[in-house]
J.: 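Here's a structure for you.
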Amino acid sequence: MYKNFKNIEKVVFGRGSFDMMDSILAERRNDNAGFILFVVDDYFNGKELAKRIPVKDGDIVRYIDVDPNEPTTDQIDTLRDEVMAVKGMPAGVVGIGGGSIMDIAKAVSLMFTNEGSSTQYQGLNLIKKPGIYHLGVPTISGTGAEVSMTAVLTGPEKKLGLKCDWTVFNQMILDPELIASVPTDKWFYTGMDTYIHCIESENGILNNAYSHAYAEQSLKLCREIYLGENAGQTAENDDKLMVASMMGGLSLTYSEVGVCHALSYGLSKIFGEKHCYANCLAFQHLEDYYHEGVREFKQMLVKHNVVLPQGLSKSWTDEQITAMAHVAYNLHHMWNHAIGTDWKEKITIETIKQLYERM
Ligand code: NAD
Ligand code: ZN
């Protein structure tokens, strides 16, 4: 049996396309209680872009600070309950921001129609009913959260996504002008998430012609953006990065991520490291698994004067390393893809602890 994936229904791409949001929302505004909930990265509060959000009477705009914590189940439940108590069910949810805001918009749109706490639905296909209309506008590129079928949430017990067909956005607006203000360090780490998605998608048993076509194109764009003659944060490269992020996300959707993402989840869960940065911390030490990819990644580090910390594990306790190893080990699907169906014969908690000890 093959996976049967749902893609985004509608996508608009282009500089200035943000201003099409008003007309795109017009045909939705009468649904449910007839108002739109905008969830916006707090970075934009008071900025020029905030004035361009097509807010009408009755709409709700919530600015959310996404630093330092990744989205939580509590945060989603509270947002849903507050909005329902004041105004009822929105006609739609619009998310404007990075991967964190994409996940918040996706998750809350599902939780308006699914009773109880979002902790009940962390996992694959646990959501019972379709959510409400949701539209995503990424403002930093790399995670692929704009196209993925999961909304990653940290709950009291696990960091795991609400993963199902209904999680996928109905509409995406890709306006490369919006990512111009991303600080260089975040531009690098988040972009590297795309690069690592592709390397991992390509290197494993689930790679196939479909996922490969997306990864190949996304990698070509990453190389131009981060290593090419005109490497750097330019308008042309912002156009490319937005597309690379989307294609990297689609590649892994049709294949899988691998060793780096498994280790990264451990770093996020135990030390609260942000996803993209955690990937970079891990990936630099994975020559054994992704030889060429790690070599090229190191060239990108040098080219952009990014120095990643070394010797981190010296200050970690054995208990912390063991806890991370368990988080990583439990991501069976990633090891299965990266190592093969007999991965349990090759990968043990001890092997994973040794990988963390390299960091
Ligand atoms: P983010 O949303 O956490 O934002 C990172 C930082 O960039 C924040 O400080 C934010 O304020 C800032 N920022 C965003 N846009 C900006 C802009 N245009 N100008 C200036 N600053 C800007 O970043 P991210 O790396 O995109 O997302 C990380 C999150 O994505 C994590 O919570 C992770 O779990 C999640 N994620 C989800 C998926 C998925 O498929 N759903 C995949 C990977 C990661
Ligand atoms: Zn990732």
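Quick note: residue numbers are just sequence positions, from 1. Every number for a ligand or one of its atoms is a count from 1 in the order of the listing.
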J.: Just to be sure I read this right, does ligand 1 sit under 4.0 Å from the backbone of V182, its side chain, both, or neither, counting only heavy atoms?
T.: both
J.: Which residue supplies the protein heavy atom nearest to atom 15 (N) of ligand 1, what is that atom called, and how far is it?
T.: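 Going by distance alone, atom 15 (N) of ligand 1 is nearest to T139 OG1, 2.8 Å.
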J.: Distance to 0.1 Å, residue and atom name: give those for the protein heavy atom nearest to atom 36 (N) of ligand 1.
T.: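 The closest heavy atom on the protein side is D103 OD2, 3.8 Å.
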J.: Output the list of atoms in ligand 1 that are nearer than 4.0 Å to some heavy atom of T190, sorted by atom number.
T.: 25 (O), 26 (O)
J.: To 10°, measure the NE2(H261)-the Zn ion (ligand 2)-OD2(D193) angle for me.
T.: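 Rounded to 10°, it measures 150°.
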J.: Please state which part of P183 comes within less than 4.0 Å of ligand 1, counting heavy atoms only: side chain, backbone, both or neither.
T.: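 The side chain, only.
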J.: Below 3.5 angstrom, do we get any N/O pair linking L178 and ligand 1?
T.: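 Min N/O separation from ligand 1 is below 3.5 Å for L178.
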J.: Looking at atom 4 (O) of ligand 1, what's its closest protein heavy atom, distance included?
T.: V66 CG2, 3.8 Å
J.: Quick one: does P71 get a heavy atom under 4.0 Å from ligand 1?
T.: yes
J.: Can C276 be said to touch ligand 1, with heavy atoms closer than 4.0 Å?
T.: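 Right, C276 reaches ligand 1.
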J.: Which protein heavy atom lies closest to atom 39 (C) of ligand 1, and at what distance to 0.1 Å?
T.: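 Checked against all protein heavy atoms, atom 39 (C) of ligand 1 sits closest to S148 OG, 3.3 Å.
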J.: Which option, A180, S245, S100, owns the non-hydrogen atom nearest atom 2 (O) of ligand 1?
T.: S100
J.: Starting from atom 11 (O) of ligand 1, which protein heavy atom do you reach first, and at what distance in Å?
T.: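 Nearest protein contact, heavy atoms only, for atom 11 (O) of ligand 1 is D41 OD2, 2.9 Å.
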J.: May I ask you to list the atoms of ligand 1 that are less than 4.0 angstrom from any heavy atom of G98?
T.: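 Once the distances to G98 are compared, the set is 2 (O), 26 (O).
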J.: Using a 3.5 Å cut-off on N or O atoms only, is H197 in polar contact with ligand 1?
T.: no
J.: Do me a favour and list the nearest non-hydrogen protein atom to atom 17 (C) of ligand 1 with residue, atom name and distance?
T.: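 Of every protein heavy atom, S181 OG, 3.4 Å lies nearest to atom 17 (C) of ligand 1.
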J.: Which option out of Y43, Y265, Y277 puts a heavy atom nearest to atom 22 (C) of ligand 1?
T.: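 Nearest heavy atom to atom 22 (C) of ligand 1 lies in Y43.
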J.: Given the Zn ion (ligand 2) as the apex, I'd like the angle to NE2 of H197 and NE2 of H275, rounded to 10 degrees.
T.: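 With the Zn ion (ligand 2) as the vertex, NE2 (H197) and NE2 (H275) sit 170° apart.
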J.: Using a 4.0 Å heavy-atom cut-off, which part of T150 comes near ligand 1: side chain, backbone, both, or neither?
T.: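 The part of T150 near ligand 1 is both the backbone and the side chain.
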J.: Using a strict 4.0 Å cut-off to heavy atoms of D67, name the atoms of ligand 1 that fall inside it.
T.: 8 (C), 9 (O)
J.: Relative to the heavy atoms of A145, which atoms of ligand 1 are at a distance of less than 4.0 Å?
T.: 37 (C), 38 (C), 39 (C), 40 (O), 41 (N)
J.: Parallel, tilted or perpendicular, judged at 30° and 60°: which one describes the rings of F297 and F283?
T.: perpendicular
J.: Looking only at protein heavy atoms, identify the closest one to atom 23 (O) of ligand 1 and say how far it is in Å.
T.: G99 N, 3.9 Å
J.: Answer yes or no as to whether an N/O/S atom of C276 is found below 2.8 Å from the Zn ion (ligand 2).
T.: no
J.: With heavy atoms under 4.0 Å as the rule, classify the contact between T143 and ligand 1 as side chain, backbone, both or neither.
T.: both
J.: May I ask which of K163, E70, H275, K274 has a heavy atom nearer to atom 3 (O) of ligand 1 than the others do?
T.: K274
J.: Using heavy atoms and a threshold below 4.0 Å, how should the contact between F44 and ligand 1 be classified: side chain, backbone, both, or neither?
T.: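 Under 4.0 Å from ligand 1, F44 contributes side-chain atoms alone.
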